[in-house]
Undergrad: 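One structure, pasted below without further comment.
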Amino acid sequence: MPIYFDAEKQTFRLDAGTSSYVMRVGPHGYLLHLYYGAHTSDLDLSYMEPSLPRASFCPRPHGDPETFFSLDYYPMEYPAYGAGDFRTAAVSILGANGCASTDLRYRSHEIRSGKYALKGLPSVYANETDAVDTLDITLSDELTGAEVHLLYGVFADRNVITRATVVKNAGTAPLTILKAASAAMDFPTMDYDLIHLYGMWAQERWISREPLTHDTRTVGSLRGSSSHNHNPFAALVSKTADEDHGEAYGYSLVYSGNFAIEAECDSFHSARILMGIHPTDFRWHLEPGESFTTPEAVLVYSNEGIGEMSRTYHKLYRYNLCRGEWKEKKRPILVNNWEATYFGFDDEKLLDIAKDAADLGIEMLVMDDGWFGKRNNDHCSLGDWFVNEEKLKGGLKPLVDRVNALGLKFGIWFEPEMISPDSELYRKHPDWCLCAPGRKPSIARFQYVLDMTREDVRDYLFTVISGVLSSANIVYLKWDFNRNLSEAGSALLPPERQQEFFHRYVLGLYDLLERLTSAFPHILFEGCSGGGGRFDPAMLYYSPQIWTSDDTDAIERCRIQYGTSMVYPASSISAHVSASPNHQTGRLTPFETRGNVAMAGAFGYELDLTKLTDEERALVRKQVAQYHAYYDIIQNGDLYRLVSPFENDVCCAWEYVSADRSEALLTFVVTKCRVGFTTFIRLRGLDPEKRYQDVETGRIYSGDTLMNVGVNLSRYWKDSESLICHFREVTE
Ligand code: DGJ
C-alpha cells in the first residue's frame, strides 16, 4: 500500500511513485500539511512545523495552553474560513447560526484499496495494471455538524496523487456551503514561479511564468466554462526549473465550469495554493444527510523538470482519464468542411470533397455547422436538429451512404447546449433558455444557452441527438459550444438555490454526455468550444480529442499547441492543415509547415480539397503516409519540448521519442522569417548507448552525440520553413 499511517505519531505518508506527501494530526486535532516533494523515508516531519510564536495578533484556538500554535501560520491541509487562519480558505460553511466560521478537526480515516470514484463527476480511474489506493480522511465541525471527507487517490508507481472533497451535512439543521475547494496545499517557502495557461479565442493556452509575490493571485473563469481565457491548470516550479531540471508541482482540475486556482504568499513567506469551483456566485444548500462532491484535482510532482511533469499528465490523461472505444484506437484522418465551405454547402459539394479525400487517403468526412433547420448563417436554427433537405436531398442517410461507398467514414457537428431565438425550439420552449428570472438574457453569436440543469431539456437533447445518430452510419460527433453563460439562472430553481446554477449546469452537461457516450460507444466524440474554449480534463473524459483552436494558422498553432502540451497529450490536441492565406491571420505558410505542425496532434484537414494544385495533392499524400508512419511515436511516445516559441521569437522545436527509445521525431519550425536563426538542436530522451540513423539522410549518430552535441539543421535545410527529422535505432 502506498499509504502509511503511524498511529503513535498520528502521521500519514502517501508514497506516489518517487514522491511523498506527509500530513499530521496536530494540536487540537487540526490536520497539518507537512510535506510534498521527492521521496522521504521518515514519517516524523513534525520538526518542520513552526517552533516560535510569530506575532501576538495570531489567534490561538480556544482552550489552548500558552503554546505558539496558531492556525494563522501553521501549514494546513484543508484550511477553513473564520477560525484563526486568515489566509485564503479552502472551505467555508454557513451553519444554522448564520455564521461562516468553520472549524474542522480530524475525526477518523479509512484506507481502501482501489481508486475512489466521484458521483456525477468525471475523474481519473485506475486500469487493471495500476496500483492505486484511496485515503479518506474525515474532518468534522462539532457545532454545525459539517463533515468533510478529504479523498486521496495515490498511484503507487507514478508521481500522481488525486484529490477531491465531499462535504456532508451530518447535523440536524440545513447548511450552506460558500466555498469548498478540491484541494489546498501549504509550502514553507514562496520561492516558486507560478506557471499557468492564459489566452483568448483563437489564442488559447499561452504559457505565463511569473514569480510568486506577496499577494493572492487567482487564475480562473466565471464564464460558465473552463474558457479560452484561463485553463484549469497551474504549476509551482522552482526558480531554476526548466524543461529538464528542477522541481515542478502540477495542479490540474478535472472540471469544465467556473473554477479558481488561488496562490497566496503570506507575511511569513510561506505559500498556499488552492483549486476548485470558483467561490464567486457559488452557494450550495445541504439538507441534513445530503452531500456535496467537489471536482477532482490531479497533483503531479516532478524533480526532473517541467517536461517530466507534462509527460506524467500526458500518460495519465491518455490512459486513465480518456475512455471508450476510441481511447487507444487509431483516429481516422479527417477532413472538416468548415473552412472549406462555411455554411455554403450542399450534398454535392460535400461529395466532391469526399471524392478527393478518398483519393488522397483521408479517412473521414466531417460535416460541420449548417446542415440542420434553416441554418444558412449563424443567426438561426440552433436547437432544430433536423436535416435541412434543401441542402441534403433526401436527408442524411443517402449522403452518408454515398460517403461510405467512397470508403470514407462520416462525422457530424452539433452544438447541443445552444438555442437560437429564431428557432422552432425557442418558439415552443422559450423557458428552456437559461436566464436569471426576471432578466432579459444577453445574446452572443445570435444565440442563447439551454438550461442544462433541467431534466426535460436534457431528455429532449438526448432524444433528438440519438435520432440523428441512429439515422445513418455516423462514427464521429463534434460537440461545439460557442458562447459564455451570462444572467445565469434557471426558471426551475428556487431563489435560495439559484447560486447552485453554474455547477448544476456542468453536472447536467456531464449527465447528457454520459448518456450519449454510453448509448453510442462506437462514436468518436470531439470536444470544441469556438476552438479550445473548453479544453479541460473533464471534457477529455467524454471526448478523447478536442478542437484546439479556431486559429488554424500553423505559426500561431506552434504557441497554442506548445502551451496545450503542458498538460494534454498529443492524442487530444486536434490539429488540421488549412488553407493559405490563413483565414484567421492572412498569413502565407508553406503546405509542408502546415502539415508538420498539425502532425503534432489528432491530424486532419480543414480546406477545400477540390481546389488543391497537383503539387499540393502530392504533399497531402506524403503527409498521410507520414501520419501513418509516425503515428505510434507521436501518439504513444514521450514529448520533449526543445525550443519554446514563448522564449525564442524566430523558431521552435519539439521531439517525440518512442516508448522503447528506438525512434525519435524532431520537429523544427521557423516562426518568424529572418536571415539567421538557431540551427543546432540537442535532442532529449534518447538512449545514450544506442546508435540512431537519420532516416532521410542515412547519417548515423550515437544517442549521446544527438543529445550532447546535437544536430545541425542547416545541413538538412531545403526551402521550407519547417522540417521533421526521423531518427531510428540502428541495431547491426
Ligand atoms: C466554432 C468551431 O470552433 C468551428 O470549428 C466551427 O465548428 C464553428 N464553430 C461552426 O459554427
Side-chain angles (χ1 to χ4, degrees), residues 199-205 223-229 231 256 334-345 349-350 353 364-385 388 391 410-420 422-423 443-450 465 468 474 476-484 524-536 539 543 545-554 556-557 560-561 564 572-579 582-585 594 598 601-608:
M200 57 181 280
W201 172 79
Q203 193 191 290
E204 298 89 338
R205 290 170 297 284
R223 294 167 184 271
S225 71
S226 44
S227 88
H228 299 90
N229 311 67
N231 199 258
S256 312
L334 63 83
V335 57
N336 177 304
N337 75 307
W338 179 242
E339 289 196 16
T341 66
Y342 297 102
F343 293 102
F345 65 88
K349 179 64 196 174
L350 293 178
I353 294 175
M364 180 161 71
L365 174 76
V366 174
M367 178 174 66
D368 210 279
D369 193 356
W371 58 267
F372 51 92
K374 301 180 289 144
R375 183 105 166 151
N376 295 316
N377 54 46
D378 58 7
H379 291 218
C380 68
S381 298
L382 292 170
D384 295 347
W385 300 111
N388 177 344
K391 282 183 171 175
F410 187 88
I412 196 166
W413 179 97
F414 276 95
E415 196 177 357
E417 299 153 75
M418 298 295 160
I419 180 165
S420 307
D422 181 6
S423 66
I443 195 141
R445 207 196 186 201
F446 312 100
Q447 63 201 55
Y448 297 146
V449 186
L450 281 172
I465 295 170
V468 174
I474 296 169
Y476 163 107
L477 188 159
K478 178 174 170 186
W479 185 294
D480 209 344
F481 173 84
N482 281 303
R483 64 160 289 179
N484 297 137
L524 168 59
F525 281 70
E526 173 157 336
C528 176
S529 169
R534 202 160 57 183
F535 202 125
D536 58 62
M539 289 310 285
S543 56
Q545 60 190 56
I546 298 177
W547 182 227
T548 312
S549 177
D550 273 347
D551 193 340
T552 59
D553 177 317
E556 291 298 300
R557 274 295 185 112
I560 294 167
Q561 294 177 193
T564 305
S572 67
I573 299 176
S574 188
H576 299 168
V577 175
S578 63
N582 179 268
H583 290 195
Q584 292 77 39
T585 62
R594 285 176 267 152
F603 183 68
Y605 291 85
E606 178 124 1
L607 40 67
D608 190 346

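If you read the sequence from its start, that first residue is 1, and numbering goes on from there. Just so you know, ligand 1 is whichever comes first in the structure, and atom 1 is the first atom listed for that ligand.
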Undergrad: Identify the residue among N337, V468, N388 that makes a side-chain contact (heavy atoms from CB on, under 4.5 Å) with W371.
TA: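 Only one of N337, V468, N388 forms a side-chain contact (heavy atoms from CB on, under 4.5 Å) with W371, namely V468.
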Undergrad: So, do W338 and F345 have ring centers that fall under 6.0 Å from each other?
TA: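 Judged by ring-centre distance (under 6.0 Å), W338 and F345 do not meet the cut-off.
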Undergrad: Only counting residues at least two apart or in another chain, list the ones meeting side chain to side chain donor-acceptor pair (under 3.5 Å) with N231.
TA: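 Only Y568 meet the side chain to side chain donor-acceptor pair (under 3.5 Å) criterion with N231.
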Undergrad: Do side-chain atoms of E339 reach the backbone of H583 as a donor and acceptor pair under 3.5 angstrom?
TA: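 The answer is no, because no donor-acceptor pair under 3.5 Å joins these two groups.
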Undergrad: Assign the ring pair F446 / H379 to parallel, tilted or perpendicular, where the plane angle (0 to 90°) is split at 30° and 60°.
TA: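 Parallel: the ring planes of F446 and H379 meet at under 30°.
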Undergrad: Could you check whether any side-chain N or O of K374 sits under 3.5 Å from a backbone N or O of D422, counting only pairs where one atom can act as donor and the other as acceptor?
TA: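 Absent.
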Undergrad: I need the contact residues for ligand 1: any residue with a non-hydrogen atom closer than 4.0 Å to the ligand, ordered by chain then number.
TA: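 Contacts of ligand 1 under 4.0 Å: W338, D368, D369, W413, R445, K478, D480, N482, C528, G530, G531, W547, D550.
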